[in-house]
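Everything on this sheet refers to the single structure shown next.
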Amino acid sequence: EKQPGTLTQEAALDLPVLSHDVKAYLKEKYNKPGAVYLGLIHRLDTNVGGVICFAKTSKAAARLSQAIREQQFEKKYLAIVEGHVHQNETVVLTHFLKKDEEEKKAIVTNSTNGKESILKFKRLAQLGHRSLLEVQLMTGRFHQIRAQLAHHGIPIFGDAKYGTGKPGTTLALYAYHLRFNHPTKKEKITIKHLPKNDLFSPFLKAANLQM
């Protein structure tokens with residue numbers, strides 16, 4: 001589980017790095033001499049928490065990366081958004097996104113300038129003027145969920161970059177579900193973990209979500 005405010009991998013920011021902790025864990029658990037291999041399969045934004053998968057071998061990394069490219073690696077998120085979402089059925093959003101390198105932001109554009117970005121969402125609960133959504137990523141673009149939901153008129157609560165949140169506010173986005181084939185055993189692996197904080201608690205209760 002990656003904590004919000006933690007980097008997935010080393011970057012210019014002076015923040016804790018999850019991959020460092022995982023390497024230290026593997027080195028101790030398996031009593032490995034020298035450098036420890038750790039394959040990065042996917043990332044989570046710095047201010048997003050949730051479950052994340054690493055690979056212990058290069059073979060596993062290659063197979064899991066291929067599964068992601070072929071959309072055989074299922075990733076689902078929980079998001080609290082601003083606004084009423086009336087549909088209980090699944091909604092599919094398709095946009096073309098490009099990354100603004102200067103602003104570090106995803107921009108909705110056209111097929112000439114952007115990459116096709118697809119996600120699905122459905123409402124799980126509604127409390128006041130906010131809704132809890134389950135979001136499934138079909139593609140993995142920079143800030144995809146945040147940018148697409150904001151463009152759809154339902155920005156994520158606490159998002160200072162795409163919504164009305166203030167800097168330092170907790171972003172109400174959590175990666176809670178992974179499902180994929182084990183890279184060597186071919187068994188189906190399903191991992192679920194619900195966020196344990198006061199922000200999500202009333203919505204999870206309303207949606208009758210529990211481990």
Side-chain angles (χ1 to χ4, degrees), residues 2 4 7-9 11-13 39-55 61-124 126 130-165 167 169 171-181 183:
K2 176 187 171 299
L7 298 171
T8 303
Q9 64 179 146
L13 298 174
L40 181 68
I41 307 303
H42 61 118
R43 299 172 178 84
L44 293 176
D45 290 349
T46 304
N47 51 356
V48 176
V51 292
I52 189 167
C53 177
F54 292 99
R63 290 179 177 177
L64 290 170
S65 296
Q66 182 179 358
I68 288 179
R69 289 192 298 271
E70 296 176 352
Q71 297 186 3
Q72 296 176 356
F73 192 104
E74 187 176 276
K75 294 182 284 187
K76 293 182 180 179
Y77 295 70
L78 295 174
I80 300 171
V81 297
E82 301 277 10
H84 292 276
V85 178
H86 301 290
Q87 307 97 326
N88 283 321
E89 69 271 11
T90 298
V91 177
V92 180
L93 296 183
T94 302
H95 298 103
F96 290 90
L97 297 179
K98 70 174 182 179
K99 182 179 178 181
D100 184 326
E101 294 289 351
E102 185 174 340
E103 296 293 331
K104 302 299 182 185
K105 187 174 182 178
I107 307 297
V108 176
T109 180
N110 53 49
S111 59
T112 303
N113 298 320
K115 295 180 179 179
E116 187 176 39
S117 307
I118 305 170
L119 62 76
K120 301 177 181 179
F121 75 81
K122 63 179 178 181
R123 186 189 69 178
L124 301 180
Q126 179 87 40
R130 295 183 183 131
S131 305
L132 176 68
L133 307 183
E134 180 186 75
V135 182
Q136 181 175 354
L137 274 180
M138 308 308 292
T139 55
R141 310 301 183 200
F142 175 77
H143 285 185
Q144 181 180 337
I145 297 175
R146 298 165 65 185
Q148 286 195 268
L149 291 181
H151 188 77
H152 192 62
I154 47 172
I156 296 174
F157 174 69
D159 197 338
K161 190 175 287 282
Y162 296 92
T164 58
T169 305
L171 181 68
L173 180 63
Y174 189 88
Y176 91 108
H177 171 107
L178 294 178
R179 185 172 173 83
F180 54 92
N181 287 321

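Proximity of L78 to L124: side-chain heavy atoms (C-beta onward) are separated by under 4.5 Å at one or more points. Residues I145 and K75 fail the side-chain proximity criterion, which asks for heavy atoms closer than 4.5 Å. Using a 4.5 Å cut-off on side-chain heavy atoms (C-beta onward), L64 and C53 make contact. Using a 4.5 Å cut-off on side-chain heavy atoms (C-beta onward), K76 and Y176 make contact. A heavy-atom distance below 4.5 Å is not found between the side chains of V81 and H152. A 4.5 Å side-chain heavy-atom check between I154 and L133 finds at least one atom pair inside the cut-off. Between E82 and R130, some side-chain heavy-atom pair lies under the 4.5 Å cut-off. Considering only heavy atoms from C-beta on, F96 comes within 4.5 Å of S111 through its side chain.
When all heavy atoms of P155 and G163 are compared, the pair lying nearest together is CB-CA, 3.8 Å. Across all non-hydrogen atoms, the minimal contact from A61 to I41 is CA-CD1, 3.7 Å.
To the nearest 0.5 Å, atom CG of residue L40 and atom CZ of residue F54 are 6.0 Å apart. L137 CG to Q144 CD: the interatomic distance, rounded to the nearest 0.5 Å, is 5.0 Å. Note that NZ of K99 is 4.5 Å distant from CZ of F142, once rounded to the nearest 0.5 Å. To the nearest 0.5 Å, the span separating OG on S131 from CD1 on I80 amounts to 10.0 Å. Rounding to the nearest 0.5 angstrom, the gap separating the CG atom in L173 from the CG atom in L44 is 8.5 Å. Residue I156 holds its CD1 atom at 10.5 Å from CD of Q148, rounded to the nearest 0.5 Å.
For K2 (side chain) and D45 (main-chain N/O), a donor-acceptor pair under 3.5 Å exists by modelled atom type. Looking at K161, its side chain does come within 3.5 Å of a backbone N or O of E103 through a donor-acceptor pair. Put simply, the side chain of R141 never gets that close to the backbone of S117: no donor and acceptor are under 3.5 Å apart. Under a 3.5 Å cut-off, the side chain of K120 and the backbone N or O of M138 do not form any donor-acceptor pair. No side-chain donor-acceptor contact under 3.5 Å links Y77 to the backbone of G50. Checking side-chain atoms of Q71 against main-chain N and O of T139 turns up no donor-acceptor pair under 3.5 Å.
Of the candidates L93, L97, V108, I107, H151 forms a side-chain contact (heavy atoms from CB on, under 4.5 Å) with just one, namely V108.
Between E89 and K122 there is no salt bridge, since no side-chain N of the basic residue sits under 4.0 Å from a carboxylate O of the acidic one.
Within 6.0 Å of NZ in K115 there are 12 or fewer heavy atoms belonging to other residues, nucleotides or ligands.
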- Start with the C-alpha distance between Q136 and T90, add both sets of side-chain angles, then the distance that settles side chain to side chain contact (heavy atoms under 4.5 Å, CB included), and finish with yes or no. CA-CA 10 Å; Q136 181 175 354; T90 298; over 6 Å; no
